[in-house]
Amino acid sequence: MKYEGWPIYSEEQIRIIAAAADILSRLFGYLVPHLTPGISTAELDEIAEDFIRREGAEPAFKGYQPPFEEESYPYTLCVSINEEVVHGLPSPHRYLTSGQILTIDCGVRLEGFHADMAYTFAIGAVSPQAARLLQVTHEALWRGIAQAKAGAYTGDIGYAISEFVKSYNFAVSEQLTGHGVGEAMHMPPDVPNVGKPGKGVRLPENLVIAIEPMVHIGSRRITRGPDGWSVQTKDGSLAAHFEHTVVVRRGSPQVLTSFEPIKKALVHV
Ligand code: MF3
Ligand code: CO
């Protein structure tokens with residue numbers, strides 16, 4: 001009963017998560033042409049919810065009850081701008097402007113199974129430091145993913161992420177972690193963004209996890225934003241966040257979500 005409650009699935013169940021992940025990945029590509037100065041974050045949320053429902057799936061964040069929170073989450077997307085790390089609330093009064101970095105985080109539920117993904121976009125022209133932050137966080141995600149092999153430890157993932165981030169003198173969030181994902185959006189085990197090789201918990205074959213480094217330019221400390229939901233850097237420095245849903249395999253990890261639709265769409269904007 002070592003892995004009781006963990007999302008370890010049959011190939012058939014993994015195929016459903018992959019289908020949810022495909023909808024989610026295409027959603028991100030679909031959003032790209034809308035990520036222009038002047039659009040409100042509430043409009044983005046509406047576009048995303050419509051897309052997901054048209055695909056016959058459900059927005060998994062909407063109505064989600066996070067542990068230790070009073071209320072359930074009311075939107076399809078988390079939209080976190082600049083110093084916001086996670087859980088930025090869509091608002092009809094908040095508009096994208098050139099120079100911002102914008103993290104979109106979203107979950108999709110299909111036939112009772114979930115996929116989870118996040119990507120940080122540069123809106124218009126951003127500072128060289130912001131551009132570097134996005135590159136480093138994106139690469140840190142892939143360094144972590146490369147460790148997600150059966151028999152490895154969550155500490156191997158966290159170590160790969162944090163060592164890479166530290167080499168650029170950026171800070172990785174210790175309080176916010178990745179997680180198992182499947183029949184619920186957040187399942188055991190936690191997948192920390194820091195760790196030591198061979199420590200943490202051992203990863204069994206066919207475990208489905210979300211790996212999601214959040215990286216800050218300044219201090220690693222975080223604080224709650226004024227809306228009660230958003231989490232921001234305490235020192236106000238920029239934060240980025242990339243996330244994929246991944247299956248632990250004996251050989252190479254299988255990445256179920258994809259940034260390819262984003263890349264294709266970005267070529268045309
Ligand atoms: N951002 C979280 C994750 O990727 C999930 C969002 S929780 C919600 O794991 F409350 F915003 F729905
Ligand atoms: Co997640």
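Keep in mind the model is a prediction, meaning the values are calculated, not measured.
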Spatial distance of atom [atom1] ([X]) from atom [atom2] ([Y]) [nearest 0.5 Å]:
X	Y	atom1	atom2	value
Ile222	Leu176	CD1	CG	4.0 Å
Ile8	Met187	CD1	CE	9.5 Å
Leu24	Asp116	CG	CG	7.5 Å
Phe28	Phe121	CZ	CZ	6.0 Å
Arg109	Glu183	CZ	CD	12.0 Å
Leu238	Thr137	CG	OG1	10.5 Å

Answer yes or no: is there a side-chain heavy-atom contact under 4.5 Å between [X] and [Y]?
X	Y	value
Thr154	Pro192	yes
Val85	Thr233	yes
Val194	Val172	yes
Ile145	Val255	yes
Ser91	Val79	no
Ile157	Leu203	yes
Phe51	Pro59	no
Asn206	Trp6	no

Taking the six-membered ring for Trp and the single ring otherwise, decide whether the centroids of [X] and [Y] are under 6.0 Å apart.
X	Y	answer
His241	Tyr119	no
Tyr73	Tyr64	no
Phe242	Trp142	no

Any link between [X] and [Y] through a network of hydrophobic side chains (Ile, Leu, Val, Met, Phe, Trp, Tyr) touching at under 4.5 Å?
X	Y	value
Leu133	Leu35	yes
Val136	Ile211	yes
Leu27	Val32	yes
Val215	Ile217	yes
Ile262	Ile104	yes

If you count the non-hydrogen atoms of other residues, nucleotides and ligands that lie under 6.0 Å from [atom1] in [X], is the total more than 12?
X	atom1	result
Arg53	CZ	yes
Tyr159	OH	no
Glu46	CD	no
Glu70	CD	no
Arg250	CZ	no
Glu205	CD	yes
Arg132	CZ	no
Glu69	CD	yes

Taking [X] for its side chain and [Y] for its backbone only, find out whether a donor-acceptor pair lies under 3.5 Å.
X	Y	value
Asp50	Ile47	no
Asn193	Glu212	yes
Arg224	Gly228	yes
Asp235	Ser219	yes
Ser25	Ser258	yes
Thr245	Leu256	no
Glu43	Ser40	yes
Asp45	Ala48	no
Glu55	Ile52	no
His114	Gly182	yes

Shortest non-hydrogen contact from [X] to [Y]?
X	Y	answer
Ala265	Gly29	CB-O, 3.5 Å
Pro37	Ser98	CG-N, 3.9 Å
Ser237	Gly218	OG-N, 3.0 Å
Val191	Ala210	CB-O, 4.2 Å
Gly56	Leu110	O-CD1, 3.8 Å
Gly107	Phe61	N-CE1, 3.4 Å

Pair [X]-[Y], side-chain donor/acceptor within less than 3.5 Å:
X	Y	value
Thr120	Thr103	yes
His87	Asp105	no
His244	Thr257	yes

Determine, for Glu49 against Lys62, whether the closest basic-nitrogen to carboxylate-oxygen distance falls under 4.0 angstrom.
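Salt bridge between Glu49 and Lys62, a charged N being under 4.0 Å from a carboxylate O: yes.
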Output yes when Glu11 and Arg15 qualify as a salt bridge under the 4.0 Å nitrogen-oxygen rule, no when they do not.
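Between Arg15 and Glu11 there is no salt bridge, as every charged N stays at least 4.0 Å from the carboxylate O atoms.
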How would you list, by chain and number, every residue that makes a salt bridge (charged side-chain N to carboxylate O under 4.0 Å, His left out) with Arg94, sequence neighbours excluded?
Glu84
Pair Lys149, Val248 - check side chain to side chain contact (heavy atoms under 4.5 Å, CB included), show working.
CA-CA 5 Å; Lys149 296 182 182 177; Val248 174; 5.6 Å; no
One pair to check against side chain to side chain contact (heavy atoms under 4.5 Å, CB included): Gln100 and Leu96. What are the steps and the verdict?
CA-CA 7 Å; Gln100 286 173 334; Leu96 301 193; 3.9 Å; yes
With side chain to side chain contact (heavy atoms under 4.5 Å, CB included) as the test, would you mind laying out the steps for Lys196 and Tyr153 before giving the verdict?
CA-CA 9 Å; Lys196 292 211 163 63; Tyr153 288 78; over 6 Å; no
Could you give me the CA-CA distance, side-chain angles and deciding distance for Gln135 and Glu139, then say whether side chain to side chain contact (heavy atoms under 4.5 Å, CB included) is met?
CA-CA 6 Å; Gln135 277 171 9; Glu139 177 62 21; over 6 Å; no
